[in-house]
Amino acid sequence: MNPEALGKVIFYGSSIALFLIGLYIILVKRNLIKLILGLTFIESGVNLFLVSIGYVWGRTAPILNKPELMETPSKLAVDPVPQALVLTAIVIGVAVTAMALAIAMLIYDKYGTLNISKIKELKW
Amino acid sequence: MIRNIFALLLILVISVFLASSIASIPFGTEKTTVGKYYLDKTIEETGSVNTVTSVVVLYRGFDTLGEVTVLFLAATGLGAILFGLREKRKRKKERPSLIMRTGTRYLFTAALLFGAYVFVHGHLTPGGGFPGGVIVATAFLMLFLAQEGFRVSEKGVKFVEALAGMTYVAIGIAGLLLVGSFLGNFLGTGIPNKLASAGIIPLIYITIGLKVGSEITGLLQNMRETTEYES
Amino acid sequence: MVSPILLIAVPLILAFSVPLWGLIHKKLEKFVPLIAFGFNTYLIFRLLPFALTERTISVVIANIKPPFGINLAVGPFGLFFALIIQLVALATAFYLLSYDPPEPSDKFYMLFILLVLGSTGMVLTGDIFNLFVFLEITSISAYALTAITKTGPAAEAGFKYLLLGSLGSTLVLLGIALIYGSLGTLNMAHIAHRISGMDSRLVVAAAILFIVGFGVEAEMLPLNGWVPDAYQAAPIPVVALLSGAVAKAGLYALARVLYTLIGMPNIIMLLLTFGILTMFAGELAALRQNDIRRLLAYSSIGQMGMIMLAFGAFGVNSVFGGVLQAFTHGITKALLFLVLGVMALHTGGATDMESLRGFGRKFPYWSMLFAVGVLSTLGLPPFAGFWSKLALIIGVIIDGHPTYAALALIATFIEVFYFARLLSVIYSSKLSPKLVERSIRNTTIPLLSATFLAAIIIAVGLYPNVFFDLGDSASRALLNRAHYIFSIIGHYLQSMGGV
């Protein structure tokens with residue numbers, strides 16, 4: 001297998017796998033904490049995909065603190081944009097997860113259960 | 001059971017759909033025009049050797065302002081939702097262990113300093129305001145774990161959070177007034193690889209560091225107090 | 001020209017400052033949203049003459065010109081939606097002066113400002129990833145505000161919304177990743193310029209991801225399960241914003257991405273199918289509702305479906321109708337919900353039809369305001385809804401889809417059924433035992449804010465010319481892709497020699 005196809009299988013493949021595992025959890029599971037877990041799986045899958053898009057064979061991190069890197073940076077360093085995007089996406093993911101956990105705590109306080117099929121008023 | 005089969009079928013369809021489209025994106029090759037520009041121009045235009053930092057704080061600085069707002073939202077929303085919520089069951093409380101208490105005594109200052117170091121050097125080394133702020137919050141997390149009944153002042157957290165956020169927007173508006181563009185760099189670029197370089201990047205990362213640090217600390221305190229019995 | 005960036009910067013700094021106002025005096029907090037949106041409305045009116053031209057300008061941020069930096073792409077289409085959002089936000093912020101928010105009140109006001117700020121950012125930005133960030137600001141504050149009353153149903157509705165909403169926005173992020181992976185840029189004009197060179201399977205995949213992702217906020221069919229629950233459980237001012245700001249911003253994002261970014265007729269036509277399904281699902285479900293909040297929620301879904309149908313018909317006339325309908329729908333639903341909030345003050349919080357039976361006999365002015373909203377939704381003259389519905393149906397016919405226009409007409413007849421039932425209950429001669437003479441609170445301020453919205457509806461109905469001009473330049477601007485691309489990155493393309 002040539003290296004490009006291998007890279008695709010490993011990186012794109014595993015990010016799709018993470019995405020799908022998360023989706024399966026959301027579709028099938030009934031526990032709020034597991035649903036939140038599913039969400040973070042999906043987020044991680046997309047983030048992994050974004051980072052692997054930015055990778056270029058044989059190049060280094062885009063921190064230009066060496067003389068040769070400063071001369072021809074765009075030939076030696078990988079794309080910095082996906083890394084910046086993932087930084088943003090991770091922070092957003094943390095925010096969503098924190099919010100989800102807070103609402104789950106509230107639900108547990110009101111109904112005494114985390115199982116959504118036991119909460120009668122909810123029409124899922 | 002039917003639900004599982006249905007879910008598996010759906011997953012199968014989506015996986016075929018995603019795999020067939022994603023497979024046409026090449027791996028490990030250069031595909032970007034924007035990223036190339038950033039790499040070539042970062043030192044000349046921003047003075048920051050860490051290209052990711054210059055992208056995060058200057059080229060895509062508006063996103064980062066949004067990102068800070070999202071984190072602020074999470075802290076605010078969490079505080080709003082958990083307000084007045086206390087766990088009813090009383091749980092047995094264990095005294096933190098000796099190792100935890102002694103370790104924290106020495107590590108707390110070191111962690112605070114390290115966090116500050118990370119967000120001050122964001123334009124030179126990997127790191128920056130977000131990781132730095134989280135490290136600062138970790139220092140407080142250690143105190144929460146090691147000392148019973150330790151709390152940070154809620155007013156203090158609010159005050160730092162509000163002030164840091166307002167400073168960030170104010171730096172942006174200063175750019176609008178001085179160089180005619182919101183979040184524009186009005187300080188020049190300086191000598192690359194020096195601490196005092198890269199214009200407004202260190203300033204912004206310091207405000208972000210303080211904001212993230214105080215927000216996460218407040219968030220941890222909020223979550224912790226709702227799972228403890230009222231004393 | 002004043003800088004449109006202030007529309008985002010000023011509310012943001014005010015939102016951060018809310019706790020500081022509270023330190024001075026607790027009562028000061030509630031004026032902050034009013035200051036923020038009063039200022040924004042003033043700015044919007046300063047910018048309106050500009051929205052009547054067909055130009056789009058790029059407002060550079062951080063002194064980096066697009067496509068390298070993030071920019072705001074301020075054009076007639078975006079400004080039109082920003083106008084809807086600001087008007088609803090202003091009326092709601094005024095309403096808040098006499099409203100006791102759920103504790104902690106400072107956090108409620110912050111979330112409130114940020115919700116509007118996020119949707120304003122969505123309709124102004126010119127960068128696809130920035131659109132995602134603003135989408136998250138909007139939706140996270142909406143999740144928190146839905147659950148903020150801390151009752152059981154509110155928590156459930158909040159969780160349901162959060163699950164669907166964050167799933168949707170992750171799909172949007174995946175779509176952005178697909179585009180960045182093949183085009184290497186994030187500026188919307190730059191993407192639009194290059195999209196013809198992208199693998200067509202990837203374009204279709206990205207388009208579907210965007211439709212499904214933004215469809216959550218736009219109340220589109222497979223993902224709108226959160227709408228009725230959230231409308232029922234959230235505080236009334238928040239509900240006014242959910243339909244007046246969040247749904248409109250989602251709709252804007254759908255239209256902008258499909259028309260400007262992708263620009264392929266057969267993909268845009270997908271909206272037709274989604275729109276028709278959403279419309280009938282909403283209207284038919286509304287027939288069975290007994291709670292007025294739920295009824296209005298389903299009616300909102302139906303209306304959003306109708307607007308999507310108009311956008312999916314892909315023609316300047318139907319888009320014109322869709323844009324006008326978005327305006328009247330936003331203002332009218334906000335009016336209906338604000339009035340409903342006051343109605344609930346007289347029944348001890350109940351909003352089901354039986355508790356409000358005979359409300360019209362006792363409170364004629366309030367019921368008149370409610371009737372203005374209902375009649376405008378149905379599309380009767382002399383209200384704004386008449387012109388927008390007429391423009392929508394005629395536009396869809398002119399653009400060559402008479403069948404779809406007929407479907408929209410059928411949906412309107414369904415609306416007549418349930419709204420007639422609603423009005424007959426409100427004006428019934430029998431009185432509900434739950435109705436009380438005097439509400440617990442003074443209702444002067446809600447009265448003024450509801451009258452403000454009703455006045456807009458009647459004024460637009462009587463003097464529709466400016467309204468038509470605004471809608472006209474908005475719809476033309478949306479369809480003029482080449483102009484959008486050129487005005488944002490024209491200088492860059494020229495320097496590359498690629499024009």
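Scope of the values below: all heavy atoms of this structure, side chains included, with no hydrogens, waters or symmetry mates. First the proteins, then the strands, lettered A, B, ... as listed; each starts at 1.
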Option in Ile148(C), Leu186(C), Asn187(C) with maximal non-hydrogen atom pairs under 4.5 Å from chain B: Leu186(C)

Check against side chain to side chain contact (heavy atoms under 4.5 Å, CB included), Glu136(C) and Leu73(B): CA-CA 10 Å; Glu136(C) 287 288 5; Leu73(B) 262 175; over 6 Å; no

Ser21(B) (side chain) donor-acceptor with Ala205(C) (main chain) under 3.5 angstrom: no

Close side-chain approach of Thr69(B) to Leu12(C), heavy-atom, < 4.5 Å: yes

Ile70(C) versus Arg60(B), closest heavy-atom pair with distance: CD1-CA, 3.7 Å

Separation between CE of Met198(C) and OG of Ser24(B), rounded to the nearest 0.5 Å: 8.0 Å

Option in Val55(B), Ile25(B), Leu163(B) with maximal non-hydrogen atom pairs under 4.5 Å from chain C: Ile25(B)

Value rounded to 0.5 Å, distance of CD1 in Ile140(C) from CG in Leu78(B): 11.5 Å

Chain C contact via Tyr59(B) - side chain, backbone, both or neither, heavy atoms under 4.5 Å: both

Rounded distance [0.5 Å steps], CZ in Phe134(C) versus CG in Asp63(B): 8.5 Å

Considering all heavy atoms, the nearest Ile81(B)-Ala144(C) contact: CD1-CA, 4.1 Å

Under 4.5 Å from any heavy atom of chain C - which part of Ile200(B): neither

Side-chain heavy atoms of Met166(B) within contact of Leu20(C), under 4.5 Å: yes

Distance in Å, Ile14(B) CD1 paired with Ile208(C) CD1, rounded so as to fall on 0.5 Å steps: 11.0 Å

Contacting region of Lys36(B) [heavy-atom separation from chain C under 4.5 Å]: neither

Validation row, ring centre Phe129(C) to ring centre Phe62(B) under 6.0 Å: no

Closest-packed option against chain B by number of heavy-atom pairs under 4.5 Å, given Ala155(C), Ala147(C), Ser17(C): Ser17(C)

4.5 Å side-chain heavy-atom contact, Ile5(C) and Leu183(B): no

Pick from Gly69(C), Gly181(C), Pro19(C), Pro104(C) with the largest number of heavy-atom pairs that fall under 4.5 Å of chain B: Pro104(C)

Chain B contact via Ala206(C) - side chain, backbone, both or neither, heavy atoms under 4.5 Å: neither

Gap separating the CG atom of Leu176(B) from the CG atom of Leu6(C), nearest 0.5 angstrom: 6.0 Å

Mutual orientation of the aromatic rings belonging to Phe68(C) and Tyr37(B) [parallel < 30°, tilted 30-60°, perpendicular > 60°]: parallel

Residue part contacting chain B, namely of Leu183(C), when any heavy atom lies under 4.5 Å: backbone

Sidechain-backbone polar pair: Lys107(C) side chain, Ala75(B) backbone, donor-acceptor under 3.5 Å: no

Contact class of Phe17(B) relative to chain C, heavy atoms under 4.5 angstrom: side chain

Heavy-atom pair with the smallest gap, counting every atom of Ala9(C) and Phe182(B): CB-CE1, 3.6 Å

For chain B, the option from Ser182(C), Gly184(C), Gly158(C), Pro67(C) that forms the most heavy-atom pairs under 4.5 Å: Gly184(C)

Chain B-proximal positions within residues 108-119 of chain C [heavy-atom distance under 4.5 Å]: Met110(C), Leu111(C), Leu114(C)

Under 4.5 Å from a heavy atom of chain C, the part of Tyr38(B) involved: side chain

Heavy-atom pair count under 4.5 Å with chain C, highest-scoring of Gly66(B), Pro26(B), Ala74(B): Gly66(B)

Options Ile64(C), Val204(C), Ile61(C), ranked by heavy-atom pairs under 4.5 Å with chain B, top entry: Ile61(C)

Toward chain C, the part of Ile173(B) with a non-hydrogen atom under 4.5 Å: side chain

